Amino acid sequence: MEKSIEDHIQKDKKILDDPTISPQQRRHIESELHDLEEYKEHNPDDHHDPTYLEMYCDQNPSEPECLVYEDWISVTTPGMSLNLSWEDW
């Protein structure tokens, strides 16, 4: 069964409740929890546990690694128009 974002948030909160965790781990988990909660706020109907890239792209959609390109191109020459998918090449 795939882990949900809600499960991940609960796990992080439980870790933060432990007073014996290191300061470095606490900072990491707090940052991760913040990103998870923000992702959940932006995607309320999405329950899957997002990857770091998904959370990064949710916060930075115009970054090059987050851009989505169409899988077809349009070629226009005088008197002719042609649409091709990358599979046609």
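Start at 1 with the first residue, then count along the sequence. These numbers come from a predicted model, not from an experiment.
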According to disulfide bond (SG atoms under 2.5 Å apart), does anything in [range] pair up with another residue at least two apart or in another chain? List the pairs.
| range | result |
| --- | --- |
| residues 5-52 | none |
| residues 12-43 | none |
| residues 8-41 | none |

To check you understand the geometry: which heavy-atom pair defines the closest contact between [X] and [Y], and what is its length?
| X | Y | result |
| --- | --- | --- |
| Pro61 | Cys66 | O-CB, 3.7 Å |
| Leu36 | Asp12 | CD1-OD2, 3.5 Å |
| Arg26 | Leu16 | NH1-O, 3.1 Å |

TODO: Identify, with sequence neighbours excluded, every residue that meets side chain to side chain donor-acceptor pair (under 3.5 Å) alongside His42.
DONE: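 By the side chain to side chain donor-acceptor pair (under 3.5 Å) rule, His42 matches Asp58.
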Which value, rounded to the nearest 0.5 Å, describes the distance between [X] atom [atom1] and [Y] atom [atom2]?
| X | Y | atom1 | atom2 | result |
| --- | --- | --- | --- | --- |
| Glu65 | Cys57 | CD | SG | 6.0 Å |
| Ile5 | Lys3 | CD1 | NZ | 10.5 Å |
| Arg27 | Ile21 | CZ | CD1 | 10.5 Å |
| Leu33 | His28 | CG | NE2 | 11.0 Å |

TODO: Output yes when a side-chain donor or acceptor of Gln10 lies under 3.5 Å from a complementary backbone atom of Asp7, and no otherwise.
DONE: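 Flag not set: sc Gln10 to bb Asp7 has no pair under 3.5 Å.
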Task: Qualifying residues under side chain to side chain contact (heavy atoms under 4.5 Å, CB included), relative to Asp17, sequence neighbours excluded - done: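 If we apply the side chain to side chain contact (heavy atoms under 4.5 Å, CB included) test to Asp17, skipping adjacent residues, there are no hits.
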Task: Heavy-atom side-chain proximity of His48 to Pro50 below 4.5 angstrom - done: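 Of all side-chain heavy-atom pairs linking Pro50 with His48, at least one is under 4.5 Å.
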TODO: Could you tell me whether the side chain of Gln25 reaches within less than 4.5 Å of the side chain of Ile15, counting heavy atoms only?
DONE: yes
Task: salt bridge (Lys or Arg N to Asp or Glu O under 4.0 Å) contacts in which one or both residues fall within residues 29-40, not counting sequence neighbours - done: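 Non-adjacent pairs meeting salt bridge (Lys or Arg N to Asp or Glu O under 4.0 Å): Glu6-Lys40, Lys13-Glu37.
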TODO: Please answer: with hydrophobic residues joined when any side-chain heavy atoms are less than 4.5 Å apart, are Leu67 and Leu53 in the same cluster?
DONE: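 Different clusters.
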TODO: Check the pair Asp46, Tyr39 against side chain to side chain contact (heavy atoms under 4.5 Å, CB included), reporting the backbone distance first and the verdict last.
DONE: CA-CA 9 Å; Asp46 187 354; Tyr39 183 90; 3.1 Å; yes
